[in-house]
2 protein chains.
Amino acid sequence: MARKYTIDDIAQLAGVSKATVSRVLNNKPDVDPSTRARIHQIMQEVSFVPSITASGLAGGRNRLVGVLIPSFSWSFVGEIMRGVSEMIGHTPYELLVYSINDMARDNDKGDILDHILSTKLPAGLLAILPGHSAPYVERLHTHGFPVVMVDDTAHHPNMPWVNVDSVHGSYLAVKHLIELGHRRIAHIYGPQNFICAHERYQGYCQALEEAGIALDPLLVAQGNFEYHGALDAAHQLLSLPAEVRPTALFASTDLTAYAVIDVADSYGLRVPGDLAVVGFDDIESSARIRPALTTVRQPFAEIGKCGVELLLALLNTPVQRADSSLLALSLPVLTPSEGMVRPPHISLQTTLVVRASCGAQRQQQSVDEIIPSKVL
Amino acid sequence: MARKYTIDDIAQLAGVSKATVSRVLNNKPDVDPSTRARIHQIMQEVSFVPSITASGLAGGRNRLVGVLIPSFSWSFVGEIMRGVSEMIGHTPYELLVYSINDMARDNDKGDILDHILSTKLPAGLLAILPGHSAPYVERLHTHGFPVVMVDDTAHHPNMPWVNVDSVHGSYLAVKHLIELGHRRIAHIYGPQNFICAHERYQGYCQALEEAGIALDPLLVAQGNFEYHGALDAAHQLLSLPAEVRPTALFASTDLTAYAVIDVADSYGLRVPGDLAVVGFDDIESSARIRPALTTVRQPFAEIGKCGVELLLALLNTPVQRADSSLLALSLPVLTPSEGMVRPPHISLQTTLVVRASCGAQRQQQSVDEIIPSKVL
DNA sequence: CTGTTAGCGCTTTCAG
DNA sequence: CTGAAAGCGCTAACAG
């Protein structure tokens, strides 16, 4: 409250030059320990808060990190953001949010990225986008702007990213169904422009192949990760003659699984009795619906945290310039340094959460035991 | 891309002083129209992007708006943010997000607000918080920092806010149940620290009173707006002897209603047959659950948009200083001005969305007609 | 290790 | 209506 102190005030109070104050502020090594302590003290006493704006102007880099997100409406975005904001809370950075308009034409993505690049307001960017937008994001990286792709990444070797191992998660889910005795296992695909849609399909194929089950094209249908986009696919699969109808289904998202369960119900098929269903994501409501959904849990908050960690590591390190990228191709993008602990590519593990919808649990489910679920 | 142009570059290209360029940039009136046009032209051609940082430093006010949110995990926050970010997209402002740590002790709110006040990074703040946090927020306002309370407001006459008319929405919901013939209508209350919990209760009481139905304390139980926090309350209400057991229930949120439906199921009570249920919020899944939930829809995105509008109006207007607040008490907080269209207090209407859970619809519901729902 | 000197890019008086 | 000059609060070379 009181008044707003500036670096000059602190310098005066401490009897040093403002350059020195600036040095302790930025943890430069070349400061006498006792001086440093005294300055820290004084800053504490008057509860000095440096101006982000001024340091940004002078230093050419603001203590802001940007996060580019698709629609706030997608619940997983909120989960990732929870991790992001919690992590940011432990740093001196503030959080700037850029969101792609819900009805954005495709090249709005380019526009907003251009905007970010031209304002250079944030020091770096976390981009949560469908994988096929990677080229846009890569432009930033090429221009030397620190950026980390998050969630649905193209595994681009040249750009830092954080994702989950969707292939393995899906593999585990389908393998679980196979172990439950199913042979006719269907899959509802996600939209083609998401890398992870392919990855989930790939995990599905892999599990089938390992079990020596031939892939049946009749059992694969196209969804779009959302509830309504899966209804047609579900109808298509469940209307098959009983002899060829799937006895189990691996959905590319939980929402897709919800649609399957509802459609199954409309066909008089019981889940899991007549159809075992497994989803992917483990969004909040999946533990609550009936039957509770067996699904592959993504560590959304952790994804966000890792993204921030990675980005901040990048910011403490001289950013890889476009000019020297040829060299970087074969080397790690980052040289090891104090701030740099993790490698520039992080792939997180998923876990299979077994609940009622896959039929693995025999016992009756009661309201009070909705939450406990076995985590493999 | 190319290089980054500065005001000086533009000034040089246009053959004027940078002061003039700055004037057109900020839409000051005192500029020769032709000069203004020429400068606009040039800025266009080189796609000049002024530095937010520099103008912030020089002008003392950054073109950033802050939004303070409780947990990203609450889905309604995402909806509000959707409106906020869409609105912000139409302005030259950027969006800064402050989020209260999930496991925040209560006075962290004070801390983060202090932080915002002392950094003065954003030009103004939209505060989405439980109503009982109003005093913290009011401190900002008292210090002359533009702030708008959003969603759960204390109706503080002295501070700008945006909310929905929860009382009336609840009244409509309960009235609808009464019109359906119910007399024993229960209510599950929200947490005491939310103003809107009281408002919803108030609307409930009002509808009962109007119908000449005596309020029965046995039929009111305490929840906390969340699913798990409502299970006990639901048990309490539904375990009543059949003669006194409620035939209908107005839940303070949709999540609360979900819990009621599940508990009813565990008692062998059919919804809506044995128990009509109405929620409040209309979150995304409420149209999808079975039975589809009759509920009071809050215009979340619109709340966000109005909040931004109001805040921006405040920013174009000399902010009410603490010193002159005595005068302001009896007058509108804002003097009318170009940027100021809406009054500083906005209360939005809710709508009752009638679906299956209240028993008003007789027809069988099929998967394909999950979405269509009657909006009163 | 520390002080001095220039600015970062823009806004803002204050004179014209 | 317009230009000149003086910073906003901080960082970043340089010299010492």
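Here is the naming used below: chain letters follow the sequence lines, and residue numbers restart at 1 for every chain. Any value given below was found using the heavy atoms of this structure, including those in side chains, with hydrogens, waters and symmetry copies removed.
- By the 6.0 Å contact criterion, CD on E138(B) is enclosed, its count of non-hydrogen atoms from other residues, nucleotides or ligands being greater than 12.
- If you check the side chains of E94(A) and H115(B), you find a donor sitting under 3.5 Å from an acceptor.
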F145(B) vs V137(B), test: side chain to side chain contact (heavy atoms under 4.5 Å, CB included). Steps then yes/no. CA-CA 10 Å; F145(B) 190 90; V137(B) 178; over 6 Å; no
The contact string for nucleotides 5-13 of chain C, one letter per nucleotide 5' to 3', using protein heavy atoms under 4.0 Å with B, S and - for base, sugar-phosphate only and none, comes out as --BBBBBBB
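- Between L126(A) and G304(A), the closest heavy-atom pair is CD2-O, 4.4 Å.
- Residues meeting the side chain to side chain contact (heavy atoms under 4.5 Å, CB included) test with L57(A), sequence neighbours left out: T53(B), A54(B), L57(B).
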Exercise answer: donor-acceptor pairs, residues 30-39 of chain B side-chain atoms, under 3.5 Å, sequence neighbours excluded:
| residue | atom | partner | partner atom | Å |
| --- | --- | --- | --- | --- |
| D32(B) | OD1 | S34(B) | N | 2.9 |
| D32(B) | OD1 | S34(B) | OG | 2.7 |
| D32(B) | OD1 | T35(B) | N | 3.2 |
| D32(B) | OD1 | T35(B) | OG1 | 3.3 |
| R36(B) | NH2 | K28(B) | O | 2.6 |
| R38(B) | NH1 | A14(B) | O | 2.3 |

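- For DNA chain D, the neighbouring residues in residues 32-44 of chain B, judged by any heavy atom under 4.0 Å, are D32(B), T35(B).
- In plain terms, the two heavy atoms of V65(A) and P122(A) that are nearest each other are C-CB, 4.0 Å.
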Kindly determine whether L68(A) and L113(A) satisfy side chain to side chain contact (heavy atoms under 4.5 Å, CB included), including the steps that lead there. CA-CA 9 Å; L68(A) 176 58; L113(A) 287 165; 3.7 Å; yes
Could you please spell out the steps behind the salt bridge (charged side-chain N to carboxylate O under 4.0 Å, His left out) verdict for K4(B) and D9(B)? CA-CA 9 Å; K4(B) 180 80 168 77; D9(B) 299 326; over 6 Å; no
Would you write the dot-bracket representation of DNA chain C, where each base gets (, ), [, ], | or . depending on whether it forms a Watson-Crick or G-U pair under 3.5 Å and with which partner? ||||.|||||||||||
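- Scanning all heavy atoms of the two residues, the minimum distance from S133(A) to L129(A) falls at CB-CD1, 3.8 Å.
- L121(A) and Y98(A) get closest at one heavy-atom pair: CB-OH, 4.0 Å.
- For DNA chain D, the contact window with chain A, defined by any atom under 4.0 Å from a protein heavy atom, covers dG9(D) to dA13(D) in 5' to 3' order.
- Rounding to the nearest 0.5 Å gives a distance of 7.5 Å between CD1 of I88(A) and CG of L311(A).
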